[in-house]
Protein chains: 2
Amino acid sequence: MSGQALKGHLDLLILAVVAGDPAHGYAVIEGLRSRSGDVFDLPEGTVYPALHRLEKSGLLRSEWSIVGGRRRRTYQLTKKGERSLSAEWHKWDNFSTAVAKVLGGTPWPATT
Amino acid sequence: MSGQALKGHLDLLILAVVAGDPAHGYAVIEGLRSRSGDVFDLPEGTVYPALHRLEKSGLLRSEWSIVGGRRRRTYQLTKKGERSLSAEWHKWDNFSTAVAKVLGGTPWPATT
DNA sequence: ATTGACACCTAGCAATACTGGGTGTAGTAA
DNA sequence: TTACTACACCCAGTATTGCTAGGTGTCAAT
């Protein structure tokens, strides 16, 4: 159901989840799913590469640990990541408002 | 300023503009720009191929005409296009609501 | 004569979400 | 003991799609 609608917005979503409190990849997926009310059910192949990308750009920092015999990589926001989250947030606001305006200009008959 | 944020949402926007009243490519660009309050200032290389794609999928139908010595291709929604607009609209609603939920779960200090 | 708005087009590039594969641990059910 | 599920990580390759950068041509204004 996720489709490819979140192109360009995935980073914002991930940063938002990790900002809440540091989380490892699997927990990020869970967080996105639960917080969105099951709308975002992202495959691992989407989230893990995104996390790597974000770390490479210096927006996230990670640490390995072992919990219950399983190795985990826990991510948290860097200063740069916080700034980026703020900026992306504003961009989203701007973007979604603009979409609403465009849609608002279109008459649409009683939704069947 | 447009960035690549509208990936996956461009079709919705175009359909919405054309639904208002049939328009040619250049007018679609103008419509998006004015309706969005200058947020969406899309290059021709983005819009024209999208229009072709939409026509190819049967969501739009076009007709050539000549106005003031210039040839125009005017697009209008097909029945299928109307259904698609409705569906995409709902998807957008769903999507943007979900994003808001995810963001809402994140505490954010006083915006500097 | 040249510039700018109008009006169309396309090939190739770049970014990025996803598919489909892989590794390994722990717990539970058969 | 075996099998299956949840947990937890990884990567190569694909596909979609918006954009860059080029092109053609008309008309009005400077």
Side-chain angles (χ1 to χ4, degrees), chain A residues 1-15 18 22-34 36 39-57 59-60 62-75 88 91 95 98-99, chain B residues 1-15 18 22-34 36 39-57 59-60 62-75 88 91 95 98-99:
Chain A
M1 286 295 120
S2 56
Q4 65 282 30
L6 36 77
K7 290 248 180 178
H9 306 291
L10 179 59
D11 291 2
L12 166 63
L13 294 172
I14 291 180
L15 290 177
V18 175
H24 59 289
Y26 205 84
V28 168
I29 293 175
E30 280 298 301
L32 282 172
R33 203 174 50 66
S34 63
S36 69
V39 174
F40 298 136
D41 194 5
L42 307 185
E44 299 178 354
T46 292
V47 175
Y48 285 116
L51 287 169
H52 299 161
R53 207 166 54 222
L54 289 169
E55 180 166 32
K56 202 174 170 189
S57 337
L59 306 185
L60 292 180
S62 74
E63 249 174 50
W64 284 100
S65 62
I66 296 191
V67 177
R70 296 183 185 99
R71 65 197 194 116
R72 278 185 181 176
R73 191 158 159 187
T74 301
Y75 293 88
E88 291 296 321
K91 272 192 207 164
F95 173 72
V99 171
Chain B
M1 289 292 120
S2 56
Q4 66 282 29
L6 37 77
K7 289 247 180 179
H9 307 291
L10 179 60
D11 290 3
L12 166 63
L13 294 171
I14 291 180
L15 290 176
V18 175
H24 59 289
Y26 205 85
V28 168
I29 294 175
E30 281 297 304
L32 282 173
R33 204 174 50 68
S34 63
S36 69
V39 174
F40 298 135
D41 193 5
L42 309 184
E44 301 177 353
T46 292
V47 175
Y48 285 116
L51 287 168
H52 300 161
R53 210 168 50 222
L54 288 168
E55 180 165 33
K56 202 174 170 190
S57 342
L59 306 185
L60 292 180
S62 75
E63 251 174 49
W64 284 100
S65 62
I66 297 192
V67 177
R70 296 184 185 99
R71 67 196 191 115
R72 277 187 183 175
R73 192 157 158 187
T74 302
Y75 293 88
E88 292 294 322
K91 271 191 209 164
F95 173 72
V99 171

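A, B, ... follow the sequence lines: proteins, then strands. Residue 1 opens every chain. Treat the numbers as computed from the prediction; the structure is a model and nothing was measured.
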Non-hydrogen side-chain atoms of B:Glu55 and B:Tyr75 separated by less than 4.5 Å:
yes
Any side-chain heavy atom of A:Leu42 sitting closer than 4.5 Å to one from A:Leu13?
no
Compare side-chain N and O positions of B:Arg53 against OP1 and OP2 of D:dG18 and report whether any pair is under 4.0 Å apart.
yes
On the side chain of B:Arg73, is there an atom forming a donor-acceptor pair with the base of C:dC8 - under 3.5 Å, no angle test?
no
In whole Å, what is the span from the CH2 atom of A:Trp64 to the P atom of C:dT25?
14 Å
Return no unless some side-chain N or O of B:Tyr48 is found under 4.0 Å from OP1 or OP2 of C:dC8.
yes
Rounded to whole Å, how long is the line connecting atom CD of A:Glu44 with atom P of C:dG24?
16 Å
Please state how far atom CG in A:Leu42 lies from atom P in C:dA17, giving the value in whole angstrom units.
9 Å
Among C:dC18, C:dA7, D:dC9, which nucleotide has an atom closest to any side-chain atom of A:Tyr26?
D:dC9
On DNA chain D, compare the nucleotides closest to B:Gly69 and A:Glu30; which residue's is nearer the 5' end?
A:Glu30
Nearest-angstrom distance from the residue atom CZ of B:Arg72 to P of C:dC6
10 Å
Roughly how many Å is it from CG in A:Leu13 to P in C:dT16, rounded to a whole number?
14 Å
In whole angstrom, give the distance that lies between atom CD of A:Glu55 and atom P of D:dC11.
11 Å
Whole-Å distance, B:His9 NE2 to D:dG18 P, equals 10 Å
On DNA chain D, more 5' by nearest nucleotide between B:Asp11 and A:Pro49 is A:Pro49
Atom-to-atom span, CG of A:Leu54 to P of C:dA17 - whole angstrom
9 Å
Under the 3.5 angstrom rule, does the side chain of A:Ser34 hit a backbone N or O of A:Glu30 as a donor-acceptor pair?
yes
Starting from the 5' end of DNA chain C, give me the residue, B:Thr46 or A:Gly45, whose nearest nucleotide shows up first.
B:Thr46
State, without any angle test, whether B:Thr74 and B:Glu63 hold a side-chain donor-acceptor pair at a distance under 3.5 Å.
no
For C:dC8 and B:His52 - does any side-chain N or O of the residue sit under 4.0 Å from the phosphate oxygens OP1/OP2?
no
No-hydrogen, no-angle side-chain donor-acceptor test under 3.5 Å, A:Arg72 and A:Ser65:
no
Let's test your reading of the model: under 3.5 Å, does the base of C:dC6 pair with the side chain of B:Arg70 as donor and acceptor?
yes
Among D:dC9, C:dT19, C:dA7, find the nucleotide with the atom closest to the side chain of B:His24.
C:dA7
